[in-house]
Every structure is written in structure tokens, then in C-alpha cells.
Amino acid sequence: MKTTVAVILSLLLISSGAFIYYNDISMDDFTGKAISFSRLSSIISRIRHPTASIPPPNPADTTYPIHLSLTDARNPAFSGVDMSKYQRFQEENPKVFGQMIWANARNSTGKSIIYSNPNMERLAYYIALLEAGQPFPYTAPPAGFNRRLGGEDKKLFTEEEALNMWLPKIAVSLYVEVNKIVPWSIKSYSENELAILFDGRRFLTYNYAGIEGYTTNLHYLNPNGQDGITDWNPFYTLEFLKSNKILETSKSLSTASSKPAIRSSGTALLPSTDPKKEAQKKAIYALTQWMRTNLIHESSTSGPEHMALYGYDGPFPLDKVLNPPEGAESLTQGCTGTSSMYGAMLSLINIPAQKSRSMDRHIAPLFPTVGLALIHGDDPYMLYYRRGLREVPTKDLFVTTEEFNAMNSAPFEEYGGHTPDRREQTEYLENIRAARLAYTNKAYVLLRERAADVLLRIPRGLTEKTLETKWTTSFWKPMFNETEMNAMFSAMDAEILRIGEGNYTEGYMRICRGIINVGYDCNILPR
């Protein structure tokens, strides 16, 4: 039997091309006491789909194509699944698979999953579930194990648990790409853009603090990981993107306008001439608009209470954030959680969202394929950007990557004998930007604050909470000079009167009631 198998496989090798070296087939495949049907199937599959043209330096570098295990191939649910289109994609795009890096005890620095037959079979299994329209095989996030590390309680996961969160994400991404579900392709992406999508070390940190386990660790000094969320069910997230029209929005290709879009800051932002990039922007804006309406920045002091509300003792499960249980809200653990959400959700439709340090000690998402960024991960729901009947347009929340870099490296502005540090300087510039955007758009959140000054705070002597105080004393340097600030207040007062049809108090009430999901009590008026 052993000799017969060797002869058959040798003939297959010769018939496949005498001048091709199969670096994933070695003589070890033909020798030994016996050869299993599983091993035979794997060898034949690799002969049909070679992945390199030079022999390996050692057997440990054997590579594998995407293929179902024998057990999965016999599954009636997968009878109509065609894996050959994924194998062709793998053959034609080795740089994509080169970025699918996973770290573990055997290789702590990481190695592509093409060198692991079990992982390639498991990846094929998740793809087959998608192709066959089958449900996600798990109904709850992994249990993991808890450790007290560096004064914090950390949720860690075993390698099995970690792989069963990461590989389904890769499967969804490949499913979207191969079936052309979005109008752009990852084929033209740079190595860095592919790494943002696929590198497992950017998803989970291996061997955290010397422990054999994986964590969602994310810190401004090391902006990798998915801290703030447990991204465990990408099948659900993909359906969310569909049902909330975010995926549908991304499919809408439009020709960019020949006229430049003018920022409220006065700088021109030329639209892309690439309609596929414009489609990606639409998807990013649509997700951001959902965040603006729904996300609530949780208080760190109520973290345990919120975890109990979500029924999980780790970072918020993403599905529960998107669809909170009765009595709960869509909570986010600040800029880390929101930046992680961008990465988790947009990666499924192959839009890279890179997490970066910003404003010295915060995290922000950057979108390299479209050249956009948020200055701060909290921007979608921060005060001046909250939604209302009139609001700052979602697209204006974003800056170009050049503007992002310029703000985070801006020269320090000495004033009154004080030279700011990096955090002070960037927060100062970001607050001015947000206030100007809100003022230019006469956003309801800003008008309400001004009306509350006139009707509530100043009559009660609460001047330390007024806009004037905030804009002059929040930083080492006033945000606006007195002349500019008074002109802004006069213009806002005129708009409040207009909204109230000549009645300032009525204007306040209408504005207050026109703000979405903020929870203001509009009936607190001076006696």
C-alpha cells in the first residue's frame, strides 16, 4: 500500500509539471508505517494547489492551502460549498496570506497561518459556514480566565478561544472579498494596510505579562489590541452592518464632485477622484452616524455594574454593545473601546482602521485607504458633536491624516509665561476645532449651552460653568479673544430668538428638545 501510494503521488507530481518544486511536499509524506486518508487528501490538495516555487529549507516550513478537513468535507451542510475560488485567491495573492500572522508558544514572534494545516482547515470551516448560510457555531463569548495584573483585572483567553475569535474574522473578510460584496478590493492594499486587517497580533496580545494566554490589551503607548470590546462573533457584526444599511451605503459608488468641499476651518478638502474610496468613506460615515446616535461613554466607576448588565465579566461583548439587552444602553469604554469598534466592524468589509496614539494619552482611529482620521476616539459622541435637529455634519468630524499628524506634532504655544506639554497643546487645539465646528453649524448642543447660560447659569451666579469661563480659563491660553467670543455669543443669541420666533425661552425649549439621546431636562427654568 505504501509503495502504491508513493508511485501514484510521484506520477501526480510529474504530471503537474516536471520543473515545479512543491515546497509543501516532502519525502516524509511518502514514508512511514502507514498513511491516513486525511494525510493523503491533504497531500493531493497541496499538489493541485502549490503555494511556492522553491523547496523549503526544512519540513517545518510546509505551507497549506485553504481546504476543508475530511470531516467537514463530508458534512451535508457543506455539500455545495466551492473552496476552489478561495484556493485560487490564495495562490494569486500570497502577500495577503503573508500578513495573517499568529503568535503562540511555538512561535512567540508570529508566523503566517499558511504554515499550519489545522488553522487553514479551521479557516475553511468558517468560510464554509458563511457560504452555506449556516449560523455562527457559538452562542456566547469565550469564558477565558481572569488574572490580576498591574493593579487591574484582566480577561485572558486560551489559544483555542483566541483562534475561534480571530479566524472567523479572517473568514468574513475573505468571504466579502472573494464574493465581491463591496466595490473595493484588498488586492491593491499595502503590506501595512493588510496587516491592519489580518495580523492576529493587532487583534490579541499573546503571552501577556509572561502568562500563556491572549488578551485584548490596548494602551496609548502600544495601540494594538481590541481593548474595550470582546469581538467574538463577526457573523453577527456582518449582519448588523447589513441590517443598519452601513454595508448597503458602502456599495453606492458615486463620482466625486469637481468642486472642493470646504471645511468650516477654512481649509479646502478635495474629494477623492476614486469612486471606490468615496464608497469607503460613506461606510465610515454611516457607522459613525450610528455611533453618534447610540453610543454612551461609560463611567469607569460603573464598569462592574455594566459588565453585569451585559452578562459577561470581561470587556463588553460587541454584539451586546450593538444590540443591548433590556434596560441597558450601547456602552463604550471611551476612546479605546470606540477605536476598537471601528477596527472590529470595518475590517469585516475590508476597510482598515488603524489605532493610533493621539492627544498624548488617548487613542484615535485612522483610515489609511481613504486618508482620514478622527483626532480622538471619543469624537462621535463628545458634547459639541452630539446629534440634534441641527448638528455638525458627520463628515466634518474627520480630518485628513496630514491634519492629524500636524495637530499631534504642533509647536508649543507659550502664553503668560507657561509653555504647554503635548497633551495640553493638542487638547487645546482640538477643543477650538470642535467649538468652531459647532458654532459654524449653529449646532443645537452649542445653542442649548449658550441659552442655558443666559436663562439658568448667569442669573443664579453659576458663572464658572458658562461658555465664557470655559473658553477663557480651561487652558493656559484663552480659546477665543474677547471680541471674537462676544461676536459669537451675539450671533447665537440671535439664532435662539429666531428659533423661538422672538421668544428666547421658547427657543431654548425647542433646542433642548431637539437634541438626540442626551437626556437633558428641558423643564428646569429660573423661578
Pair N233-T139, side-chain contact (heavy atoms from CB on, under 4.5 Å): steps then yes or no: CA-CA 9 Å; N233 186 347; T139 58; over 6 Å; no

Evaluation steps, side-chain contact (heavy atoms from CB on, under 4.5 Å), between V176 and L348: CA-CA 8 Å; V176 167; L348 300 183; 5.8 Å; no

K169 vs S347, side chain to side chain donor-acceptor pair (under 3.5 Å): CA-CA, chis, key distance, verdict: CA-CA 8 Å; K169 288 177 62 66; S347 66; 3.2 Å; yes

Residue pair V399, F404: steps toward the side-chain contact (heavy atoms from CB on, under 4.5 Å) verdict: CA-CA 6 Å; V399 297; F404 176 90; 4.0 Å; yes

Salt bridge (charged side-chain N to carboxylate O under 4.0 Å, His left out) evaluation trace for D61 with K111: CA-CA 10 Å; D61 288 330; K111 196 170 186 178; 3.0 Å; yes

F398 vs K281, side-chain contact (heavy atoms from CB on, under 4.5 Å): CA-CA, chis, key distance, verdict: CA-CA 10 Å; F398 293 82; K281 288 181 184 179; over 6 Å; no

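Atoms CD1 and CD1, on I170 and I66 in that order, are 10.5 Å from each other to the nearest 0.5 Å. Atoms CD1 and CD, on I375 and E430 in that order, are 5.5 Å from each other to the nearest 0.5 Å. Atoms OH and CG, on Y206 and L156 in that order, are 11.5 Å from each other to the nearest 0.5 Å. Note that CG of L197 is 10.0 Å distant from CG of N192, once rounded to the nearest 0.5 Å. For the atom pair Q134 CD and F235 CZ, the distance stands at 10.0 Å (nearest 0.5 Å). Atom-to-atom distance recorded for Y126:OH and L129:CG is 8.0 Å, nearest 0.5 angstrom.
By the 4.5 Å heavy-atom criterion applied to side chains, M100 and D199 are not counted as neighbours. Side-chain contact between Y385 and T288: absent, with no pair of heavy atoms (C-beta onward) separated by less than 4.5 Å. Taking the side chain as every heavy atom from C-beta outward, T230 and L318 never approach each other to under 4.5 Å. Taking the side chain as every heavy atom from C-beta outward, H376 and M382 never approach each other to under 4.5 Å. In this structure, L247 and I181 have side chains that are in contact, with non-hydrogen atoms separated by less than 4.5 Å. Under the 4.5 Å side-chain criterion, counting only non-hydrogen atoms from C-beta, P142 is in contact with W232. Two residues are said to be in side-chain contact when any heavy atoms from C-beta on lie closer than 4.5 Å; N179 and E131 meet this criterion. Residues I101 and F198 fail the side-chain proximity criterion, which asks for heavy atoms closer than 4.5 Å.
Using modelled atom types and a 3.5 Å distance limit, the side chains of N408 and S358 yield a donor-acceptor pair. Defined by atom type and a distance below 3.5 Å, a donor-acceptor pair is missing between the side-chain atoms of Q280 and N350. When only modelled atom types and interatomic distance are considered, N164 and Y138 share a side-chain donor-acceptor pair under 3.5 Å. No hydrogens or angles considered: a donor-acceptor pair under 3.5 Å links the side chains of E177 and S185. Checking N217 against D227 by side-chain atom types alone, no donor-acceptor pair falls below 3.5 Å. Side-chain contact, T338 with Y381: a donor N or O sits under 3.5 Å from an acceptor N or O. Residues D82 and S84 have side chains that bring a donor and an acceptor to within less than 3.5 angstrom of each other. Under 3.5 Å, the side chains of H67 and N117 contain a donor-acceptor pair of N or O atoms.
The environment of CD in E212 is crowded: more than 12 heavy-atom neighbours from other residues, nucleotides or ligands sit within 6.0 Å.
In this structure, Y214 has its ring center no closer than 6.0 Å to that of F157. Not less than 6.0 angstrom separates the ring centroid of Y115 from the ring centroid of W102.
Under a 4.0 Å N-O distance rule, the pair E427/R423 qualifies as a salt bridge. A salt bridge does not link K320 to E329: none of the charged nitrogens lies less than 4.0 Å from a carboxylate oxygen. Ion pair R88/E91 not flagged as a salt bridge, since none of the NZ, NE, NH1 or NH2 atoms sits closer than 4.0 Å to an Asp/Glu carboxylate oxygen.
The closest donor-acceptor contact from the side chain of T293 to the backbone of Q289 lies under 3.5 Å. In this structure a side-chain-to-backbone donor-acceptor pair under 3.5 Å is present from S112 to F97. In this structure a side-chain-to-backbone donor-acceptor pair under 3.5 Å is missing from Q425 to R422. Judged purely by atom type and a 3.5 angstrom limit, S330 uses its side chain to pair as donor or acceptor with the backbone of V321. In terms of modelled atom types and a separation under 3.5 Å, the side chain of S243 and the main chain of F240 share a donor-acceptor contact. Remark: the backbone N or O of T109 is paired with a side-chain donor or acceptor of R201 at under 3.5 angstrom. At least one donor-acceptor pair under 3.5 Å links the side chain of D378 to the backbone N or O of C335. The closest donor-acceptor contact from the side chain of S116 to the backbone of N119 lies under 3.5 Å. A side-chain donor-acceptor contact under 3.5 Å links E403 to the backbone of T400.
Under a cutoff of 6.0 Å and an axis angle of 45°, K282 and Y285 do not form a cation-pi pair. A cation-pi arrangement is present between K155 and Y312 under the rule of less than 6.0 angstrom and at most 45 degrees off the ring axis.
In this structure D379 satisfies the salt bridge (Lys or Arg N to Asp or Glu O under 4.0 Å) test with no other residue, sequence neighbours excluded.
Among all heavy-atom pairs drawn from T426 and M407, the shortest one is CG2-O, 3.3 Å. Of all heavy-atom pairs spanning A132 and A77, the tightest one is CB-O, 3.4 Å. For the residue pair V172 and P234, the shortest heavy atom distance occurs at CG2-CB, 4.1 Å. When every heavy atom of L366 is checked against every heavy atom of S356, the shortest pair comes out as CD1-CB, 3.4 Å. For the pair D319 and Y236, the tightest heavy-atom approach, listed with the atom from each and the gap, is CB-CD2, 3.7 Å. Considering every non-hydrogen atom in both E193 and Y189, the closest pair reads OE1-CA, 3.4 Å.
Residue pairs meeting the ring-ring contact (aromatic ring centres under 6.0 Å, His included) criterion with at least one member in residues 340-361, sequence neighbours excluded, are Y342-F367.
Tested against P380 for a side-chain contact (heavy atoms from CB on, under 4.5 Å), the candidates T394, N294, L374 yield a single pass: L374.
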